[in-house]
**Student:** 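For reference, the structure I am asking about is given below.
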Amino acid sequence: MTVTIAREGAIAVVTVDNPPVNALSQALRQALVEAVAELNADEAVKAVVLICAGRTFIAGADVSEFGKPPRPPHLPDVVACIEDAKRPWVAAIHGSALGGGLEVALGCAYRVAVASASLGLPEVKLGIIPGAGGTVRLPRLIGPAAAVDMVTSGSPVGAKKAEMLGLIDAVIDGDLRTGAIAFANDVAEKPLPEPISRRAVPAVEAGFWESAETEVTAKAKREVAPLKALSSIRNASETDFADAMAFERETFLELRGSSQAAALRHVFFAERAAPRPPELSGVTPRNVRSAAVVGGGTMGAGIAVALRDAGLPVVLVERDKAAVERGLANIRAIFDGSVKRGRITQEAAVERMAGVTGSEDYGLLSDTDLVIEAVFEDIAVKRTVFTKLSEVCRPDAVLATNTSYLDPNVISGGASHPERFLGLHFFSPANVMKLLEIVPTATTAPDVLATGFALARLLGKIPVRAGICDGFIGNRILKVTRAQAERLLLCGATPSAVDAAMRAFGLPMGPFEAQDLGGLDIAAFQRKAARERGEAPFAPVADRLCAMERHGQKSGGGWYDYHPGDRTPKASDIVAAIIAEESAVMPQRNWAQGELADCIVLPMVNEAAGILEEGVALRASDIDLVKIHGYGFPRCRGGPIQYAKHRGLKTVVALLERLSVEGLADAPCKLLRRAAESGGFTTVAGGTVIGNGS
Ligand code: 3H9
């Protein structure tokens, strides 16, 4: 870390260089205080430019320090020191000025930025609120309404919008350093603006805070920080600066130690680690400049859109002309939907569609870098596709299957150059869902595996490596969730009670509502295949519903009844009668919501540990990412393993043992027991080991 001071005539340029993102470590805070003192003492300096080296302005507090006791100088004091400096400081912003970075900029007398810069207070995404004046200075500068928007959403704004809001004083065209120095020379001659801390907060209309609270509560789901941020802004509007700062700091410190903040920090670092697994460091991925998708159904079309959104030209191959037309129509419909939702412009949709070539001719793939198969989940059909691809594609082209349940080793068997084959399991809708399970086969070459991760980065997805087993990581845990949900029905719970318990836990939908939405037939198909393999999947009620063709919303009924044209689930007498018959021999009981959630979530944890034990996942945090990004596990609980750590691994093991004695769950697996004994799961490059991990 370095902070250097250079002179450009009467302007001092303070350059922060603390890679990778100039985070405000203790050393940087200290160096900034020293720079202020040095420049205060220099009568030749008329103004100061604060600028950063590398890819961004200060991106915030150093999140890795949050688990430790705060060390002085504390950031609010650093910001105050800059605000009280004898000469005006000008923050010169490129990249992102986030969190503590923006708070430092708010301490400066002026802020200028290049057009591509973004500015924001994303603290709520980490389960905290700004802790260095963000909720106190921002409403004084841009008014409470805009401040509430920025702080409670955590979303950054671009430089143009920041200028409109009054958050920055100028957008700099051309070189930032030169422009900022010119700006500083100019303002050095003018009277100083009043420091933000001494300004009053503009008044709000009657009822503003109440309606903001309703809105923020609805959006925050179960996260605590957004509402706390709102209270802090409101407090800052109703008390003086010093009291408001004290209130903000107290709230910040309280949240910093909360379990939600710990969980969200865990997710933050897991998401950043996922795209670059240590076991692939030094492996160069193959180039992917063109792509093709075989199969234009829902998944194939979504994948094609994801590839186009990332700028790759795409060929869509289908078996005949009519299927090609249907596939292209599916793709067009997704782009049209994106235009309607305001995600892209009409022109962008036209341009992206123009980059898709539909054909039934595999010959078009002779020079394609990456082909993703997304045809019907039938092993024979998929094998035929790969035989054809083996004939036409370059030997170094990467070939991938999007299977969600079949064994990629079997799918690829017989394809030529099996080292270029792997599974890429997208989640529906593939252009929206962030998760990508990357499944190497026994023969996948390291650079092909690395290509899967590079593709994920290109598509903006969260990649997780998964080993081969029924359902990989995500769907394997989903099977346990569903089986547990049915077990509960046989012991006195109703579908609506189970769904309500899981919503209360933080899932967007309960397991029965979710099955009715997605359709019960796919899981029935998988159970049939499992039975053919000699397994005995547990789904007594679902099997009977499927036998009656109650496949969910699409067939007018599943776990619930639906009135035509209405998706509101209604308790079903038919389902209740089946449950009563199936549960005749089981002891019935009254369930509290928390017990219902435990009975589903703790077996998920156990399955996750089993997945680690078998090496199907390499890192506990990977499983957390799978459940958060593919299955709606609440982010503020950090994923199943992080949640288990929060509950205490010993407690989890004890509860699972009790459930297993009652016949309500499997006994805890060996790895989970060992983790409970040794204090946690920890990860080393290449795999998970047991130890005193965090
Ligand atoms: C805060 O400021 C609280 C204050 O209000 C109060 C204080 C009193 N700390 O994302 P990338 C690492 S809360 C530590 O891949 P990009 C990251 O782990 C903070 N490390 O880069 C990764 O490490 P590695 C509010 C951080 O170019 C590397 O940097 N600020 C931090 O795609 C590259 O990260 C935020 O929440 C950090 N704050 O995107 C900003 N940030 O190379 C969070 C990043 O070892 N950061 N790292 O894997 C971001 O949004 C993005 O990193 C950013 C760059 C947009 C800046």
Side-chain angles (χ1 to χ4, degrees), residues 259 263 266 469-471 473-493 497-498 501-502 504-507 510-511 535-539 583 586-617 619-624 626-628 631 633-634 637-682 688-694:
S259 61
H266 160 76
C469 64
D470 191 20
I473 298 174
N475 283 341
R476 176 166 156 177
I477 298 179
L478 179 64
K479 276 193 298 175
V480 173
T481 312
R482 288 182 176 161
Q484 286 305 115
E486 277 205 46
R487 278 203 174 106
L488 286 167
L489 298 185
L490 303 195
C491 300
V498 173
M502 292 314 289
F505 182 80
L507 269 90
E535 295 165 24
F538 177 81
S583 59
M586 297 293 287
Q588 303 291 295
R589 66 158 100 160
N590 289 322
W591 292 90
Q593 260 198 350
E595 289 178 309
L596 289 173
D598 272 359
C599 207
I600 292 185
V601 177
L602 303 185
M604 284 168 77
V605 171
N606 197 26
E607 192 66 16
I611 283 171
L612 277 174
E613 192 166 33
E614 292 168 28
V616 168
R619 279 165 282 271
S621 58
D622 279 352
I623 304 180
D624 286 340
V626 166
K627 295 315 287 180
I628 290 170
Y631 300 84
F633 197 96
R637 293 202 191 265
I641 302 232
Q642 173 69 21
Y643 174 67
K645 287 179 187 162
H646 163 65
R647 284 289 292 271
L649 292 176
K650 284 196 172 142
T651 308
V652 168
V653 166
L655 286 168
L656 275 168
E657 263 159 3
R658 209 171 71 204
L659 288 174
S660 92
V661 169
E662 293 169 338
L664 283 168
D666 291 341
C669 71
K670 266 195 224 134
L671 187 122
L672 187 56
R673 282 181 206 279
R674 276 182 13 234
E677 284 311 313
S678 62
F681 304 89
T682 188
T688 296
V689 295
I690 296 300
N692 192 15
S694 58

**Student:** Partners of Glu657 by side-chain hydrogen bond (donor to acceptor under 3.5 Å, both in side chains), sequence neighbours excluded?
**Tutor:** Arg673
**Student:** Answer yes or no: is there a side-chain heavy-atom contact under 4.5 Å between Phe633 and Ile477?
**Tutor:** no
**Student:** Considering residues at least two apart in sequence or located in another chain, which fulfil the side-chain contact (heavy atoms from CB on, under 4.5 Å) criterion with Lys650?
**Tutor:** Ala676, Glu677
**Student:** Please identify each residue that fulfils salt bridge (Lys or Arg N to Asp or Glu O under 4.0 Å) with Arg658, with sequence neighbours left out.
**Tutor:** none
**Student:** Quick one: does any side-chain atom of Gln588 pair with a main-chain N or O of Met586 as donor and acceptor, under 3.5 Å?
**Tutor:** yes
**Student:** Considering all heavy atoms of both residues, which atom of Pro603 and which atom of Gln484 are nearest to each other, and what is their separation?
**Tutor:** CG-NE2, 3.5 Å
**Student:** I need the Ile628 CD1 to Arg637 CZ distance, nearest 0.5 Å.
**Tutor:** 11.5 Å
**Student:** If the condition is salt bridge (Lys or Arg N to Asp or Glu O under 4.0 Å), which residues does Asp666 pass it with, not counting sequence neighbours?
**Tutor:** none
**Student:** Quick check: closest heavy atoms across Leu596 and Ala497, and the distance to 0.1 Å?
**Tutor:** CD1-O, 3.6 Å
**Student:** Are Tyr631 and Asn475 close enough, and set up right, to give a side-chain contact (heavy atoms from CB on, under 4.5 Å), and what steps lead you there?
**Tutor:** CA-CA 9 Å; Tyr631 300 84; Asn475 283 341; 2.7 Å; yes
**Student:** So, using salt bridge (Lys or Arg N to Asp or Glu O under 4.0 Å) as the criterion, who are the partners of Glu607 when residues are at least two apart?
**Tutor:** Arg476
**Student:** Got a sec, which residues hit side-chain contact (heavy atoms from CB on, under 4.5 Å) with Leu672, two or more places apart in sequence or on another chain?
**Tutor:** Val605, Asn606, Ala609, Leu649, Val652, Val653, Leu656, Pro668, Cys669, Phe681
**Student:** Please name all residues satisfying salt bridge (Lys or Arg N to Asp or Glu O under 4.0 Å) with Glu662, sequence neighbours left out, ordered by chain then number.
**Tutor:** Arg589
**Student:** Donor-acceptor pair, distance only, cut-off 3.5 Å: does the side chain of Glu595 make one with the backbone of Ala592?
**Tutor:** yes
**Student:** In chain order, what residues pass the side-chain contact (heavy atoms from CB on, under 4.5 Å) check against Ala485, with sequence neighbours excluded?
**Tutor:** Val498, Pro511, Phe512, Ile600
**Student:** What pairs with Asp624 under side-chain hydrogen bond (donor to acceptor under 3.5 Å, both in side chains), at least two apart in sequence or on another chain?
**Tutor:** His266
**Student:** Starting at CG of Leu664, measure out to CG of Asp598 and round the result to the nearest 0.5 Å.
**Tutor:** 11.5 Å
**Student:** Would Arg647 and Leu655 count as a side-chain contact (heavy atoms from CB on, under 4.5 Å) if you check the C-alpha gap in whole Å, the side-chain angles of each, and the deciding distance to 0.1 Å?
**Tutor:** CA-CA 11 Å; Arg647 284 289 292 271; Leu655 286 168; 3.3 Å; yes
**Student:** Looking only at non-hydrogen atoms, find the nearest pair between Gln593 and Ala504 and report the distance.
**Tutor:** OE1-CB, 3.4 Å
**Student:** Tell me which pairs pass salt bridge (charged side-chain N to carboxylate O under 4.0 Å, His left out) where either residue lies in residues 478-492, with sequence neighbours left out.
**Tutor:** Asp470-Lys479
**Student:** List the atom of Ala608, the atom of Ile641, and the distance in Å for their closest heavy-atom pair.
**Tutor:** CB-CD1, 3.9 Å
**Student:** For a quick test of reading the model, state the closest non-hydrogen atom pair linking Ala617 to Ile623 and the distance between them.
**Tutor:** CB-CG1, 3.6 Å
**Student:** So which heavy atom on Leu671 is nearest to which on Glu613, and how close?
**Tutor:** N-OE2, 3.2 Å
**Student:** Keeping to residues at least two apart or across chains, list the ring pair (Phe, Tyr, Trp, His ring centres under 6.0 Å) pairs with something in residues 640-665.
**Tutor:** Phe505-Tyr643
